[in-house]
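One structure below.
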Amino acid sequence: MSSSSVSLIPLADTKECAERLLEAAETLGFVYITLEGSDIPPEKVERMFEISKNFFASPREEKAKCHISPDNRGWSSMHTEILDPEHQRRGDFKEAFNLGEFKDGRAQQPLPPALQDHESELNEFSDYCYNLCLKLLRLFGMALKIDEAEGGKEWFTSRHSRSEGPSGSILRLLFYPSLTAHPDFDPKLDTRAGAHSDYGSITLLFQRPSEPGLEILHPYLKTWHPVPVIPKAILVNIGDLLSHWTAGLLRSTVHRVVTPDPGTEGHKDRYSMAFFCHPAYPTLLTPVPSDIIRSRGERGANDAERTLTSLDHLKSRLSSAYGWKSEPV
Ligand SMILES: O=C(O)CCC(=O)C(=O)O
Ligand SMILES: [Fe+2]
């Protein structure tokens with residue numbers, strides 16, 4: 001595999017789509033799917049970007065009242081998160097707001113006024129994302145030919161079901177301010193989002209045309225490649241948990257968001273939104289009952305001595321990004 005471009009797959013509930021998704025997940029770990037077929041109306045995406053923009057423009061004091069806590073929910077201010085602690089001397093040049101799971105339509109965390117007014121829309125969008133992840137997980141289950149007696153194509157989805165308990169799933173609003181608005185920007189110290197791989201099972205990323213910046217580290221070539229924004233498409237990538245679960249067959253590829261050249265895109269803000277899907281906290285990451293995964297041998301979750309729960313997996317990753325040490329989540 002040498003291609004560095006992320007493919008675009010029309011989303012459908014078919015074997016062909018499942019196989020194409022699996023192939024993309026095995027090679028680059030990133031794939032675009034069409035918004036059409038996702039069951040997410042395009043106007044809902046637009047609306048969320050509007051809500052997000054208004055929120056980030058709201059007074060700092062209001063945002064600060066909901067500062068991110070060890071349960072990974074709330075507002076992360078400029079330079080708070082360090083996605084690549086080994087190489088970054090200063091935190092990411094971005095702001096973010098993490099929304100955890102909703103219960104009976106209500107957020108389970110304090111919301112600042114600019115988001116509180118839109119609680120039901122946020123809940124609805126989070127549900128759209130969750131349902132799309134279930135659709136993708138079903139397609140992965142189909143392509144991996146999971147043993148029918150064990151649940152077949154529903155094997156992953158049943159472990160992501162809300163009836164199995166809460167999970168670390170997060171809807172995240174992101175804002176990377178223009179460099180010109182920030183005189184403290186230092187190209188030697190600052191990066192928009194440091195190199196990292198995502199933690200959960202599947203991530204959905206929503207971007208806006210003419211606000212590029214995402215790059216992926218090619219798994220074989222080990223070189224950075226920009227990912228162009230495709231309008232009316234959602235970028236899907238595999239997280240570390242699903243990679244571990246599938247004995248490394250599905251790739252969690254390292255990516256980052258670069259600071260644009262101040263002469264070109266530097267004057268632009270970038271807004272994006274991510275949905276990080278996680279299995280229910282108690283889920284045991286036992287080997288996937290699939291011959292394709294068994295044939296991978298003693299790797300990742302196939303190595304029975306290291307059976308983790310979804311919660312164990314998440315805790316270990318959060319502590320390194322924010323410097324939190326085994327806090328309860
Ligand atoms: O904003 C983006 O394009 C990517 C964000 C990201 O990779 C993350 O928050 O994990
Ligand atoms: Fe990421």
Side-chain angles (χ1 to χ4, degrees), residues 6 25 28-33 45 48-49 52-53 55-56 68 72-88 91-100 125-126 129 133 168-179 190-219 224-231 233-244 250-260 265 268-278 313-314 317-322:
V6 173
L28 272 193
F30 271 79
V31 61
Y32 270 112
I33 55 166
V45 180
M48 284 305 296
F49 274 121
S52 168
K53 211 168 171 176
F55 160 69
F56 286 115
I68 193 155
N72 196 31
R73 294 170 181 186
W75 180 57
S76 157
S77 55
M78 282 281 275
H79 305 307
T80 297
E81 188 179 20
I82 305 189
L83 279 170
D84 185 8
E86 267 180 47
H87 299 102
Q88 282 175 259
D92 294 349
F93 197 82
K94 70 172 188 220
E95 288 182 42
F97 195 93
N98 285 0
L99 289 142
F125 194 75
S126 171
C129 292
C133 288
S169 295
I170 292 282
L171 172 62
R172 163 171 256 207
L173 311 176
L174 285 143
F175 169 46
Y176 306 89
S178 80
L179 310 188
D190 282 313
T191 187
R192 279 186 152 174
H196 67 284
S197 48
D198 294 345
Y199 311 157
S201 37
I202 287 182
T203 303
L204 306 177
L205 185 72
F206 299 84
Q207 306 169 90
R208 304 198 325 161
S210 74
E211 295 176 14
L214 184 72
E215 293 189 340
I216 59 173
L217 186 64
H218 194 286
W224 287 103
H225 296 264
V227 180
V229 180
I230 301 185
I234 304 168
L235 191 59
V236 175
N237 65 286
I238 304 301
D240 294 338
L241 183 147
L242 191 56
S243 185
H244 169 82
L250 272 60
R251 269 178 204 282
S252 59
T253 296
V254 173
H255 53 284
R256 66 183 183 185
V257 181
V258 292
T259 34
E265 303 280 348
K268 286 216 175 103
D269 294 330
R270 170 180 163 89
Y271 292 88
S272 64
M273 300 184 296
F275 182 78
F276 303 101
C277 189
H278 289 250
H313 195 276
L314 179 61
R317 296 302 311 273
L318 286 178
S319 60
S320 60
Y322 293 96

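Start at 1 and go down the list; that is how both ligands and their atoms are numbered. All values derive from a computational prediction rather than experimental measurement.
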Q. Taking side chain as C-beta onward, heavy atoms only, is Arg256 less than 4.5 Å from Leu217?
A. no
**Q.** Numbered atoms of ligand 1 (with element) below 4.0 Å of Ser272, judged on heavy atoms
**A.** 1 (O), 2 (C), 3 (O)
Q: Of all N, O or S atoms in His196, identify the one at the shortest distance from the Fe ion (ligand 2).
A: NE2
Q | Contacts of type side chain to side chain donor-acceptor pair (under 3.5 Å), residue Glu95, not counting sequence neighbours | A | Lys63, Trp75
Q: State, without any angle test, whether Asn98 and Arg172 hold a side-chain donor-acceptor pair at a distance under 3.5 Å.
A: yes
Q: Check whether any N or O atom of Asp198, backbone or side chain, sits under 3.5 Å from an N or O atom of ligand 1, and answer yes or no.
A: yes
Q: Determine which of the N, O or S atoms in Asp198 is closest to the Fe ion (ligand 2) and give its atom name.
A: OD1
(Q) Testing the basics here: between Ser243 and Leu250, what is the closest heavy-atom pair and its distance to 0.1 Å? (A) OG-O, 2.7 Å
**Q.** Taking every non-hydrogen atom, the tightest pair across Arg192 and Lys268
**A.** NH2-O, 3.2 Å
Q: Using a strict 4.0 Å cut-off to heavy atoms of His196, name the atoms of ligand 1 that fall inside it.
A: 6 (C), 7 (O), 8 (C), 10 (O)
Q: Could you list the atoms of ligand 1 found under 4.0 angstrom from a heavy atom of Phe276?
A: 8 (C), 9 (O), 10 (O)
Q: Tell me which N, O or S atom of His255 sits nearest to the Fe ion (ligand 2).
A: NE2
Q.
With heavy-atom distances below 4.0 Å as the criterion, list the atoms of ligand 1 near Tyr176.
A. 1 (O), 2 (C), 4 (C), 5 (C)
**Q.** Per-atom contacts, ligand 1 versus Val257 - under 4.0 Å to a heavy atom
**A.** 1 (O), 2 (C), 3 (O), 4 (C)
Q) Side chain, backbone, both or neither: which part of Leu205 has a heavy atom under 4.0 Å from ligand 1? A) side chain
Q | Within reach of ligand 1, part of Ala274 (heavy-atom separation under 4.0 Å) | A | neither
Q) Which residue owns the protein heavy atom closest to atom 9 (O) of ligand 1, what's the atom, and how far is it? A) Arg172 NH1, 3.5 Å
Q) Within less than 4.0 angstrom of ligand 1, does Lys94 place any heavy atom? A) no
Q: Determine the interplanar angle of the Phe175 and Tyr271 rings, folded into 0 to 90°, and report it as parallel if under 30°, tilted if 30 to 60°, perpendicular if over 60°.
A: parallel
Q) Rounded to the nearest 0.5 Å, how far apart are CZ of Phe125 and OG of Ser52? A) 10.5 Å
Q: Using a strict 4.0 Å cut-off to heavy atoms of Leu174, name the atoms of ligand 1 that fall inside it.
A: 1 (O), 5 (C), 9 (O)
Q) side chain to side chain donor-acceptor pair (under 3.5 Å) with Arg251: which residues, sequence neighbours excluded? A) Tyr220
Q. To which of Arg270, His255, Glu211 does the heavy atom nearest atom 3 (O) of ligand 1 belong?
A. Arg270
Q. Taking all atoms of both residues into account, what is the closest heavy-atom pair of Phe56 and Leu174, and its distance?
A. CE1-C, 3.8 Å
Q: Taking all non-hydrogen atoms of both residues into account, name the closest pair between Val6 and Tyr32 and its distance.
A: CG1-N, 3.6 Å
